[in-house]
Number of protein chains: 2
Amino acid sequence: MISMRSKYAIKALTYMARTRDKESYLIADLATAENIPKKFLEAILLTLKSQGILTSRKGPGGGYWLAKAPNTITLGSIIRAFEGDLAPVQCLSENSPGSCPECQDAATCATRLVMADVQKAISEIIDTVTLADMIERSEFERQRLSKQLDFSI
Amino acid sequence: MISMRSKYAIKALTYMARTRDKESYLIADLATAENIPKKFLEAILLTLKSQGILTSRKGPGGGYWLAKAPNTITLGSIIRAFEGDLAPVQCLSENSPGSCPECQDAATCATRLVMADVQKAISEIIDTVTLADMIERSEFERQRLSKQLDFSI
DNA sequence: CTATAGTCTATCATGTCTATAGATAAGCAG
DNA sequence: CTGCTTATCTATAGACATGATAGACTATAG
């Protein structure tokens, strides 16, 4: 299960990518628009900034905005900002290395071998999908469903 | 990250599948052999029994043993016994259904669509690999490494 | 100088995870 | 029937992560 942080981050970022008219977004407005607890969102946006996904400016006229184009922001980079690297087992973690405490022989550990495949499969999906892709996919689905409705009438 | 429960379960089951000579295994022996806290292992074996992976008998001569052949016990069934269905988001959970609390429109939710792909990718791996496969893979790796050693001498 | 808006620190409740202790129940041997 | 063996159940404790809130602090436009 991905955390609420990740989901709120996706919602806020998607909102910004969808409505590119404004040049900056206030925490309060994002919180209201996407129904996210304001104080919680604060910390989330700060994390996204530290990952180079958002930029911000203080003071009047300030706020947050996307640091990169939506088609260059991957879902993986968003999720990993909150969930860490998505290692299914400790010994496959890159940013916080170390062997699994219970493992007797990492070299021949079948669990590690299989889990490496799992990790790769996950990465291949989430590191390929971008924010732009997600908005497009959502819009496509919306239209597909409204057409289905037309037929059923 | 999969839990220690899952890892201990895999270790205990692999041990039983590897040494098929004995007709039953004592909790205490499994705990010693695989270096697992005995009391903790108790609960784990009980869960595996409730999932139909193990069978048991009390009293002298009793113990635990595999309820099925190792090539019919999937890694997925073991992991799911402890981690639940591996739904990346609430709305994709089958055994504890319900929509994600923050979701406004599940039908067009891009996160759900992508995560469904992730869930499928994970399942395709772990539901295909069996206990027998893992033992074989581990043994293969052991031999491969010892051959590599031969060359390097 | 002051209102605005992001940033930082601390705290809280709740829940899960790993692990341990102690009591209980089933089953075999004599 | 007694006693030993072995699984099973209930309860608890400590550590940590998660979701969320409160309040003080800092930068900046005008």
Side-chain angles (χ1 to χ4, degrees), chain A residues 1-12 16 22-32 34-51 53-67 79 81-84 86-90 96 100-102, chain B residues 1-12 16 22-32 34-51 53-67 79 81-84 86 89-90 96 100-102:
Chain A
M1 287 272 193
I2 67 176
S3 63
M4 290 303 285
R5 285 167 215 271
S6 294
K7 295 198 206 172
Y8 286 152
I10 294 168
K11 292 190 78 170
M16 291 192 234
K22 290 166 202 157
E23 61 179 34
S24 84
Y25 298 84
L26 302 185
I27 299 178
D29 291 350
L30 290 166
T32 305
E34 291 297 319
N35 222 297
I36 303 170
K38 181 172 168 263
K39 274 297 192 175
F40 197 28
L41 181 59
E42 266 184 35
I44 292 166
L45 298 182
L46 226 37
T47 300
L48 291 171
K49 184 186 178 181
S50 78
Q51 297 299 310
I53 296 171
L54 287 177
T55 315
S56 69
R57 192 169 47 229
K58 291 181 179 178
Y64 279 98
W65 60 92
L66 297 177
I79 292 179
F82 302 96
E83 318 291 327
L86 297 169
V89 283
Q90 181 63 36
S96 68
C100 299
E102 84 290 352
Chain B
M1 287 272 192
I2 68 176
S3 63
M4 291 302 286
R5 284 167 216 271
S6 293
K7 294 198 204 170
Y8 286 153
I10 294 168
K11 292 192 78 169
M16 292 192 232
K22 290 167 203 154
E23 60 179 36
S24 84
Y25 298 83
L26 302 185
I27 299 176
D29 292 349
L30 291 168
T32 306
E34 291 296 318
N35 221 296
I36 303 169
K38 180 169 168 268
K39 275 298 192 174
F40 197 30
L41 181 57
E42 267 185 35
I44 292 166
L45 298 181
L46 225 38
T47 300
L48 290 171
K49 184 185 177 183
S50 78
Q51 296 298 311
I53 296 171
L54 288 176
T55 315
S56 69
R57 192 168 45 229
K58 291 180 179 179
Y64 279 98
W65 60 94
L66 297 177
I79 292 179
F82 300 97
E83 318 289 329
L86 297 169
V89 283
Q90 181 64 35
S96 67
C100 299
E102 84 289 354

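In what follows, every chain begins at residue 1, and chains take the letters A, B, ... in the order their sequences are listed.
By the side-chain hydrogen bond (donor to acceptor under 3.5 Å, both in side chains) test, A:Q51 is found to be paired with no residue, residues two or more places apart in sequence or in another chain being considered.
We find the CD-CE distance between B:Q90 and A:M4 to be 10.5 Å, quoted to the nearest 0.5 Å. Rounding to the nearest 0.5 angstrom, the gap separating the CD1 atom in A:I44 from the CZ atom in A:R5 is 6.5 Å. Atom CD1 in B:I36 sits 5.0 Å away from atom CG in B:L41 (nearest 0.5 Å). Of the inter-residue distances, the one linking A:S3 atom OG with A:Y8 atom OH reads 10.5 Å to the nearest 0.5 angstrom. B:M1 CE to A:L86 CG: the interatomic distance, rounded to the nearest 0.5 Å, is 9.5 Å. The CG atom of A:L54 sits 11.5 Å away from the OG atom of A:S24 when rounded to the nearest 0.5 Å.
Nucleotide C:dC8 holds its C1' atom 12 Å from the NZ atom of A:K49, rounded to whole Å. For the pair B:L54 CG and D:dT6 P, the computed distance is 17 Å after rounding to whole Å. Between B:W65 atom CH2 and D:dA7 atom C1' the separation is 11 Å, expressed in whole Å. Rounded to whole Å, the distance from CG on B:L26 to P on C:dA26 is 20 Å.
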Do any N or O atoms of the protein come closer than 3.5 Å to N or O atoms of nucleotides 17-22 of chain D, and which pairs are they?
from	atom 1	to	atom 2	distance (Å)
D:dG19	OP1	A:M4	N	2.8
D:dG19	N7	A:R5	NH2	3.3
D:dA20	OP2	A:Y8	OH	3.3

Mind listing the N/O atom pairs, protein and nucleotides 28-30 of chain C, below 3.5 Å?
none

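Using a 4.0 Å heavy-atom cutoff across all strands shown, B:L45 reaches no nucleic acid atom at all. If you check every strand for non-hydrogen atoms under 4.0 Å, B:K7 touches nothing.
B:A67 and B:T55 make their closest contact through CB-OG1, 3.2 Å (heavy atoms, listed as atom of the first residue, atom of the second, distance).
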